[in-house]
Every structure is written in structure tokens, then in C-alpha cells.
Amino acid sequence: MNKIMYSGAEILIKSLLKEGVKQVFGYPGGVVLPLYDALYLQDDIKHYLVRHEQAAVHAAEGYARVSGRAGVAIVTSGPGACNTVTGLANAYYDGTPLVLITGQVNSSLIGGDAFQEADVVGITRSCCKHNYLVKDVKDLAKTVQEAFYIATTGKKGPVVIDIPVDIFNAKHTFTYPKNVELIGYNPNYKGHPLQIQKALNTLYEAKRPVIISGGGVVASNSHGELKEIATRLSIPVVHTLMGTGTYSDYLENGLGMMGMHGNYCANLTVSNADVIFAIGTRFSDRITGCLKKFARDAQVIHVDIDPCSISKNVKANIPIVGDIKNVLSAMLHQMDKDKHEVNTELKDKWLAEIEEWKKKKAIPQKLSDKLSAVTVLRTIYEYTKKDEPVVSTEVGQHQMWTAQNFKFNKPRKFITSGGLGTMGFGFPAAMGAYLALNSKDKYVLNIAGDGSIQMNIQEMMTCMDYKFKVINCIINNGYLGMVRQWQEKIYNGHYSQTKISSPDFVKLAESYGALGIRVTKEEEIIPALKQAIEFDGAVMIDFVCENFEMVYPWVLAGKPIDNVLLSEEDC
Amino acid sequence: MSSNININQSKCHTISVLVSNEVGVLSRIADLFSGRGYNIESLTVAPTADSIYSRITIVTQGDDATIEQICKQLNRLIPVIKVANLSMGEAIEYEIGLIKVFVNDENRAEFMNIVSQAGANIMDVTDKTYTVKIDGDEKRVKTFSELVRPFGIKEFVRSGKVAITKGNWFSNFKKTKE
């Protein structure tokens with residue numbers, strides 16, 4: 001039979017199309033020239049040219065977080081690939097599905113220190129879920145399929161495919177395998193029925209139960225099931241930073257975020273619970289505080305698809321390994337059979353106790369005549385909430401203030417770097433998020449600090465090229481605020497290298513052809529937002545804020561999480 | 001009711017890992033151990049009866065929680081097919097030690113006596129040195145090396161441990177299709 005031969009580059013594009021990929025972020029270079037030539041000759045996949053490879057990966061992550069599908073990025077060998085490491089580590093930590101294609105030098109040159117050669121498989125090994133070096137063009141289609149399968153199943157994550165230039169040029173027929181066969185990779189999707197029953201019995205008996213909802217609830221799209229369980233058993237819900245939006249902040253028993261900068265009430269509820277039902281969370285140190293003192297008297301039920309997350313930091317009394325959606329559905333199904341009646345008297349007593357804690361809140365500071373960051377963010381939230389925009393953040397004080405002051409009732413609306421804490425993540429992620437929204441009328445808010453925005457500020461041009469409507473709200477306080485905050489309290493006010501200068505953001509925006517607005521007074525906030533939303537393109541709003549505002553509530557690192565500082569006086 | 005992981009006694013465990021026999025799998029495992037701060041006492045690798053798989057035997061140290069994490073983390077690697085902690089059940093553990101020792105006319109007879117008593121084999125002889133092989137479990141290899149230490153050990157090479165379960169208990173991969 002006379003079969004058509006394709007180049008490796010064409011096979012790659014065909015495989016990506018088979019996986020439903022329509023958009024990729026990337027940056028060309030020497031060894032990916034054959035691939036970029038093949039991209040040039042087709043119209044099915046649109047390539048978005050970024051200004052730095054790190055941004056390509058963050059953008060792909062933003063795209064994946066909003067769409068729920070794997071994001072794709074393409075970069076060249078050596079420096080191109082090395083620049084993606086932070087993006088990969090970020091996606092690996094936060095469990096975002098990504099496939100990164102990296103070019104590699106010619107197979108015959110590998111190991112010989114060729115120009116722009118780097119051991120990409122070696123470098124990325126510990127910051128991605130899996131990686132491949134394609135050594136034969138006949139394996140290419142199968143490798144792409146496996147990569148997407150691994151990236152989007154189990155605990156999701158990034159997968160790297162390193163492809164030497166000769167593989168892009170080599171010819172082969174194209175057949176996409178029907179199924180993936182990986183004997184060493186079988187994520188466990190169904191929770192154990194006995195464990196599920198045990199968990200339910202424990203929840204029925206609980207006097208002071210609480211649910212901790214983590215990023216896994218977003219990844220598995222199980223916010224609906226979560227809400228039903230919480231409502232039917234009348235259990236209050238707190239969420240982690242990554243779990244933002246999984247349980248509506250508008251609901252009565254939604255206690256908001258817990259952890260280092262979580263609500264007083266959320267932290268106290270977890271500390272005093274007798275049963276903790278943890279769903280899709282790694283129990284990171286940012287939510288447990290002092291591990292020894294975390295939930296000392298609580299029974300812990302822990303559901304996660306990744307067995308490694310269970311009993312890693314907090315010992316689970318009832319571990320359930322499985323896909324959250326399956327496990328929660330099975331629980332609901334079993335609840336129908338059990339017909340358990342909630343002891344309202346007990347629950348009311350617990351909820352009344354929580355009501356008392358709800359009254360204790362951080363009081364916004366008024367340190368000077370300058371804008372308060374908290375006021376700015378509250379105003380942005382109130383003004384934009386009707387549009388339900390996707391909100392991304394960079395990392396630092398502004399990130400925590402956003403998490404504290406924005407309310408979400410849907411997942412995939414709050415895009416932030418949780419595990420790795422990557423400054424420079426928010427802006428490119430917002431571009432990817434905007435692309436995933438697939439609607440010209442929408443906009444994405446990127447809440448940034450004056451430090452963070454300067455880490456990937458070059459992407460302004462990408463935004464303008466493709467008319468990505470990203471509104472950068474820069475909380476400009478002249479410092480690397482979160483580090484400064486620690487220095488103020490823990491390092492005797494030695495502001496070592498945390499005072500940071502910035503360009504004139506308005507002029508900078510204008511030089512990109514974008515809109516730049518400076519806001520220094522409260523009454524200017526809303527007109528600026530209005531103008532920004534109406535503008536057709538990217539915007540930078542420079543909110544000139546008070547320099548020394550602190551993020552409260554605050555639990556100092558290593559302290560128990562009920563040790564919440566609410567204001568200066570508590571310190 | 002205690003929800004935190006107890007720091008209990010650190011013990012040696014022998015972990016048997018069945019992997020796909022592919023490039024880089026050993027680095028993935030070595031990286032996992034170094035990246036997460038786990039300890040490797042010894043490590044051996046060789047293909048199994050079916051050469052598309054390899055068997056890696058790792059001796060590591062840690063408390064129960066650490067060993068549990070090590071097994072889980074190993075399982076998370078894509079080319080890893082099966083992980084078995086052989087220290088959980090009964091297993092035959094075996095290693096080889098090759099020792100080169102200085103021997104002179106005065107202590108030759110004493111040395112030969114130790115070698116034959118211990119059941120070691122002489123592999124090579126020169127006018128100044130004897131190279132002997134001792135095999136068996138770790139304790140046997142260690143004891144022998146202690147016995148000959150006073151003669152002056154010039155070189156001591158250990159194979160690291162290989163192990164297999166006893167009886168009807170398997171740590172093998174059973175193909176599900178078939």
C-alpha cells in the first residue's frame with residue numbers, strides 16, 4: 001500500500017490536532033525551524049508569539065486553568081528550554097496539565113556540547129510529571145498521545161517532549177494510536193467503598209466537622225458535589241488558596257480562605273474541628289502552620305488522587321485515594337441509601353460557635369493620605385463583580401489581599417501561583433486565560449505588585465499584538481511588600497533590598513501602544529476602571545499606594561494556625 | 001486521634017522496584033532520592049527474565065512514614081511498574097563482597113583459617129595479597145570483613161543487595177491482559 005509520508009514536524013502538528021489543540025504559545029529558534037516552517041504552512045493551529053519562553057509556559061498554564069484542557073507551548077533548545085523551567089515547576093506544583101515541546105540539537109550531536117544544547121530531559125526531570133526525548137520519528141505520534149494522557153489524567157501536570165531537529169525532518173507515515181498503553185501508570189479513580197462508608201460514618205458522628213476544599217476540587221470539576229455534601233450534612237467549608245471558588249464565598253457556611261493569610265474564622269474552625277474532611281489538598285505548610293499543633297484532636301479524612309499527598313504532612317485517619325468527583329458522587333449515592341438525619345442541635349451549636357469567630361476580622365489600616373491597597377482592591381472587586389472576570393495575580397501582598405477581598409462563586413475564575421509562588425506568573429497567565437475565554441467582550445484582571453509586574457512586563461507587546469484584553473492593576477507601594485512585611489516584624493525593620501523602583505508605568509504602557517492610567521485618589525479608581533474596560537487592548541493602571549500597609553490576618557511561619565494576628569496591636 | 005506523623009525509629013528497608021527497561025529510569029529514581037532527601041545505602045540494577053523490564057533493589061533507611069512516602073513517590077514515576085517493600089515480609093537477601101587483604105608469611109596460616117571457617121573463596125593470590133569472595137546476607141559479609149580487618153584491607157568492594165521474596169509471595173508484575 002502506498003502510504004503518504006510526513007515529516008516529523010507535520011506528524012507533530014497532526015498529533016496536536018488529534019488532541020484538540022488549536023492554540024499554542026511559543027518562541028522560535030534554530031532547531032525548531034522545521035516545526036515553525038510546518039506551522040507556517042497550515043491554518044489549523046494558531047501560534048502566539050510571546051516575548052520570553054517563561055511567559056509561554058505561564059500563558060499555557062493560564063489557558064489550561066481556565067479551560068480545563070492541556071495548555072501547549074513550543075520553545076527551542078538550550079536557552080529556550082532552560083527558560084521554561086520556572087513555568088514547568090509552577091505547573092507541576094499546582095497540578096496544571098501542560099505539554100511543552102522543546103527542540104533539541106541533532107541526535108548525532110547530543111552529548112557533544114553542541115551550540116544551544118542542554119540536557120533538557122535531565123534539567124526538567126524533577127519539575128515535570130514526565131518527560132521524553134524522541135529518538136525515532138516512528139515513536140513521535142505515540143509519544144504525543146502519551147504526553148497528553150499523562151498530563152491530563154491522575155494528578156494533572158506538565159509533560160515535556162524534547163525533539164531533536166533531525167526527528168522534525170525525518171519522514172514517516174502518520175497513524176495515531178487508538179489507545180494509550182502504559183503499564184506503569186494507572187491512576188486510581190474509584191475510592192475504596194469501605195473507606196467511603198467509614199468516612200461517611202465519621203462525618204455523621206462528627207460534632208464539629210469542617211471541610212477543607214483544595215485545588216483538587218477545581219481540577220476534578222467537583223464543586224457541585226462538594227456543595228451538595230456540605231449542604232446535606234450542614235458542614236462548614238473553608239478553602240485553600242488553590243481551592244478559591246470551589247465553594248461560593250457568598251454562602252452562609254462558606255468560611256473563606258484558611259492558612260497563613262486566611263480568615264480568623266476559617267483558621268479557628270479548622271483548629272477546633274473534631275473531624276476534618278480534606279478534599280484535594282496537599283496540606284502545604286502555608287495552610288497547616290506548625291504541623292505538630294495542626295488539628296491535634298481531629299480525625300482526618302483525606303481524599304486525593306495522588307497517594308503521595310496523603311499522610312505526607314498530616315496523617316490521615318481515613319485515607320481515600322481516588323478521583324474526587326467519583327469519590328464525592330459515591331458518597332452522595334451512599335448518603336441516599338443511609339438516610340442519615342443530621343443532628344441539628346449539635347450542628348447549630350457548632351455553627352453558632354463559628355458565628356462568633358466570624359465577628360473577628362482584620363481592620364484595614366489607614367496609615368497616611370495615600371491610597372490603601374485594601375480599599376483599591378475592594379473597589380475593583382465591587383465595580384467588576386457584575387462581569388465576573390477571571391482574576392489572575394502575581395505573588396506577594398497584592399495576591400493575599402486579592403484572595404481575601406475578592407469573592408468567587410465559581411472555580412477557574414481565580415488564577416494564582418499557589419505552590420511555587422512565582423512572581424511574574426500572573427501577567428502571562430492572564431493572557432492564556434483571556435485566550436481560553438474565547439470572547440472578545442471579556443477582560444481579565446491581573447492584580448500585580450510593582451515588583452512582580454516587572455518580572456514579565458515584556459508581555460505587554462504580546463498583548464497588544466493579539467489584542468489580549470488584560471487589565472493590569474498594579475498595587476504600587478514601592479516595595480517588595482511581602483518580604484518587607486516580614487522584615488518589618490521579624491528582621492527588626494531592616495528593609496534589605498526590598499525598596500524597589502519602577503518605571504513610569506503610564507508612559508511605559510503608552511510606549512507599547514497600550515493604555516496607561518495613574519490613580520492616586522480613591523475617587524479616581526472607578527473612572528480608571530471604566531476607561532480600562534472600554535479600551536480595546538491591554539491596560540496598566542498604576543495605583544500609587546501606601547508603602548507600609550501590612551497583610552492581615554497573618555499567622556507567622558511555623559506558628560499554629562489559630563495564632564492569628566489581626567492588626568499591628570497583636571504583634 | 002493524633003493527626004501528626006510520629007517520628008519513629010529509623011530502620012533499614014529493602015525496596016524492590018520493577019521498572020520498564022528504558023533510558024533514564026535509573027536517573028529518575030536517583031533524582032527522586034536526592035531531590036527529596038532520602039538516603040540510598042545501596043542500589044543494584046539488572047534486567048529481569050523478560051529483558052523489557054529491569055529490577056532495581058534499593059536499600060534505604062527511614063522511619064515508617066518516610067519509607068511509605070518513598071514507596072508512594074517511586075510508584076508515581078511513570079516507568080515504575082511495581083514497588084515492593086521486602087522488609088515487610090520474609091525475603092532472601094544476598095550480596096557479594098570482594099576483599100583484597102595484605103598477608104605475610106607470619107599470618108598466612110591464620111588468615112587461611114578464617115577464610116575456610118567463614119566459607120569464603122579465594123579468587124586471586126599474589127606474594128603480598130589475597131583476594132577473597134564472601135557472599136550471603138549483609139551480616140555475613142560485614143562479619144567477615146571485621147574478621148579480616150586486622151590483616152589490613154587493601155580494597156573492599158560490595159555488590160549491594162539483591163533480594164527476592166520467600167514462598168508464594170511475589171513482587172513481580174502480573175500482566176493483566178493475557
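Taking 4.5 Å as the heavy-atom cut-off, the residues of residues 127-134 of chain A that approach chain B are A/K129, A/H130, A/N131, ordered by number. Inspection of non-hydrogen atoms places B/E68, B/Q69, B/K72, B/Q73 of residues 67-74 of chain B under 4.5 Å from chain A. Scanning residues 27-35 of chain B against chain A with a 4.5 Å non-hydrogen threshold yields B/S27, B/R28, B/D31, sorted by number.
With rounding to the nearest 0.5 angstrom, the CD atom of B/Q61 is 10.5 Å from the OG1 atom of B/T66.
By the neighbour-count criterion of 12 heavy atoms within 6.0 Å, atom CD of A/E205 is sparsely surrounded, having that number or fewer from other residues, nucleotides or ligands.
B/S42 and B/R158 form no side-chain donor-acceptor contact under 3.5 Å, judged by distance and modelled atom types alone. For B/N39 and B/T60, the side-chain atoms include no donor-acceptor pair closer than 3.5 Å. Side-chain contact check for A/S108 and A/N106: at least one donor-acceptor pair (N or O, by modelled atom type) lies under 3.5 Å. Defined by atom type and a distance below 3.5 Å, a donor-acceptor pair is present between the side-chain atoms of A/D166 and A/S107.
Residues A/V180 and A/Y185 fail the side-chain proximity criterion, which asks for heavy atoms closer than 4.5 Å.
Salt-bridge check for B/D63 with B/K11: failed, with every basic side-chain N at 4.0 Å or more from each acidic carboxylate O. A salt bridge links B/E93 to B/K161: one of the charged nitrogens lies within less than 4.0 Å of a carboxylate oxygen. Taking 4.0 Å as the cut-off between side-chain N and carboxylate O, A/K138 and A/D136 count as a salt-bridged pair.
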Please report the C-alpha distance between A/F277 and A/H302 in whole Å, then the side-chain angles of each, then the deciding distance to 0.1 Å, and finally whether the ring pair (Phe, Tyr, Trp, His ring centres under 6.0 Å) criterion is met. CA-CA 6 Å; A/F277 184 18; A/H302 194 174; 9.6 Å; no
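A/V555 approaches A/I561 most closely through the heavy-atom pair CG2-O, 3.7 Å.
Of the options A/T84, A/I161, A/T102, A/I163, a side-chain contact (heavy atoms from CB on, under 4.5 Å) to A/V120 is made by A/T102 and by none of the others.
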Taking only distance into account, with no hydrogens and no angle test, what donor-acceptor pairs under 3.5 Å do side-chain atoms of residues 108-125 of chain B form with protein atoms, sequence neighbours excluded?
residue, atom, partner, partner atom, Å
B/R108, NH1, B/Y130, OH, 3.4
B/R108, NH2, B/D105, OD1, 3.0
B/S116, OG, B/N113, O, 3.2

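When heavy atoms are compared at a cutoff of 4.5 Å, A/I276 does not approach chain B at all. Neither the backbone nor the side chain of B/V19 comes within less than 4.5 Å of any heavy atom of chain A.
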